[in-house]
2 protein chains.
Amino acid sequence: MTLRNLRERLPEAAGEIFAEKGFKGATVREIIERAGVNIAAVNYYFRDKERLYIEAVKRADCGELEGPHLAWPPTGKLRDFIYFQLLKFLAPGRPAWLARLIMRERTQPSGACAEWVREYIEPRSKILLGLLRELLPPHTPRRKRYLTAFRIVGPCHFYCSHQPIIRVLIGEDAYQRLDLTILADHITQFTLRALGVAQPGEPGT
Amino acid sequence: MTLRNLRERLPEAAGEIFAEKGFKGATVREIIERAGVNIAAVNYYFRDKERLYIEAVKRADCGELEGPHLAWPPTGKLRDFIYFQLLKFLAPGRPAWLARLIMRERTQPSGACAEWVREYIEPRSKILLGLLRELLPPHTPRRKRYLTAFRIVGPCHFYCSHQPIIRVLIGEDAYQRLDLTILADHITQFTLRALGVAQPGEPGT
DNA sequence: TTATATATGAAACAAACGTTTCATAATCAG
DNA sequence: CTGATTATGAAACGTTTGTTTCATATATAA
């Protein structure tokens, strides 16, 4: 067989199943079956199930730091930030299990991924807070800045984490017609209006 | 021993542990140990682990329909809705595990609780959409109404579901100082301003 | 009381789990 | 080629899992 392929196929298949069933719910036998490798490979390449899990999470959320285009005005940067936030979770070409794996680790941290929070979550949080520092009036207290940040990131994550329930509530048809640009525009306009920042030509979505 | 107490203590202890570790992660032996009952009681009272889980979820989220006070103006109803939404998850006296159990079932439905979604989630969704029908201009398309609803409910859930990460990002001290009324007011003002609905005397939070 | 239904406890069940072992196969440097 | 290192496969390991069994204890009704 192709040697190096095996070491890569394992965490990939693991990610899909961990996302679907969680750490405890997934079994190594199901993972190695999907990866098409022998069960001993888990021990050989990753020592045990937990380290395989960490590796899978890291690969699922290791995208480059897609910062907003620096040349844009602050409002444009905000729209970009929101759009990329949505894109990460709901991009059409992106496998759905990636988002679910990340969301699972975000809302129920296994503790094994504290390092990943520092390396990945924290920098993005600082980008948004920096953006709000430009958009909000000077000397806005720190607390109001991150309260506003929650108001922006919250809805982005809501689409992903509550996906199963949203499908039921608004109907499958309406859910399928949702477009990422529509969502991003809506959140951006909603935010800018709430902050009292004028935005050219936008009567309503 | 007190007879009927036993049947009640079981799903209560189960809820705590299911919330903490999920359905698969929790073991019946840990549950019966915390409840202080014999392992046979699970089979005797609830047949199996899954039915015990369903019972625990139902009891965690069976609060009465705390609708906004009908006599209030629409803006007041909205604030009430948001406040109760937060209260359900983060009320000081309320055990934290209740919120986590509900959130777990919301974001990763086990499928066994479809009935609970219909009976509990759907009515509350309709209350909010009805409220928005009053607040938004007449003939606002259905899609914009529920997009706006997501903008309101999203942040409420964000506080709960991302609680572990928020604690790290803003610091434990700042997190402890967060007050539910502050949160509710902030979300309400943010929403009303975004909708272009005037609100008396409110320069900023 | 006696008879019947209900509740409890200790022990064991078979199945599934993560992990390990070890013999063999493949790879590669010399 | 030879020898050493690396990779693979089949089988079994010891635990833990959810569930069941059955004898005993308790409550209830006549």
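Just so we're on the same page: letters track the sequence lines, and every chain starts at 1.
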Residues forming a side-chain hydrogen bond (donor to acceptor under 3.5 Å, both in side chains) with Glu12(A), sequence neighbours excluded: none

Hydrogens and angles aside, do Glu55(A) and Tyr45(A) bring a side-chain donor and acceptor to less than 3.5 Å of each other? no

Sequence-distant partners of Phe190(A), ring-ring contact (aromatic ring centres under 6.0 Å, His included), two or more places apart: none

Would you be so kind as to tabulate the donor-acceptor pairs closer than 3.5 Å made by side chains of residues 174-181 of chain A, with sequence neighbours excluded?
residue: Tyr175(A); atom: OH; partner: Gln163(A); partner atom: NE2; Å: 3.3
residue: Gln176(A); atom: NE2; partner: Glu172(A); partner atom: OE2; Å: 2.8
residue: Asp179(A); atom: OD2; partner: Thr181(A); partner atom: N; Å: 3.2
residue: Asp179(A); atom: OD2; partner: Thr181(A); partner atom: OG1; Å: 2.3

Which parts of nucleotides 17-25 of chain D does protein reach within less than 4.0 Å, heavy atoms only, written one letter per nucleotide 5' to 3' as B for base, S for sugar-phosphate only and - for none? BBBBB----

How many whole angstroms separate atom CD1 of Ile32(B) from atom C1' of dA7(C)? 16 Å

Go through the structure and list residues passing side-chain hydrogen bond (donor to acceptor under 3.5 Å, both in side chains) with Arg79(A), not counting sequence neighbours. Asp185(A)

Sequence neighbours excluded, the answer for ring-ring contact (aromatic ring centres under 6.0 Å, His included) partners of Phe158(B) is Phe150(A), His157(A), His162(B)

Whole angstrom value for the distance that separates C1' of dG9(C) from CG of Leu10(B): 15 Å

Take the protein atom OH of Tyr44(B) and the nucleotide atom C1' of dA5(C), then report the distance between them rounded to whole Å. 8 Å

How many whole angstroms separate atom CZ of Arg7(B) from atom C1' of dT6(C)? 13 Å

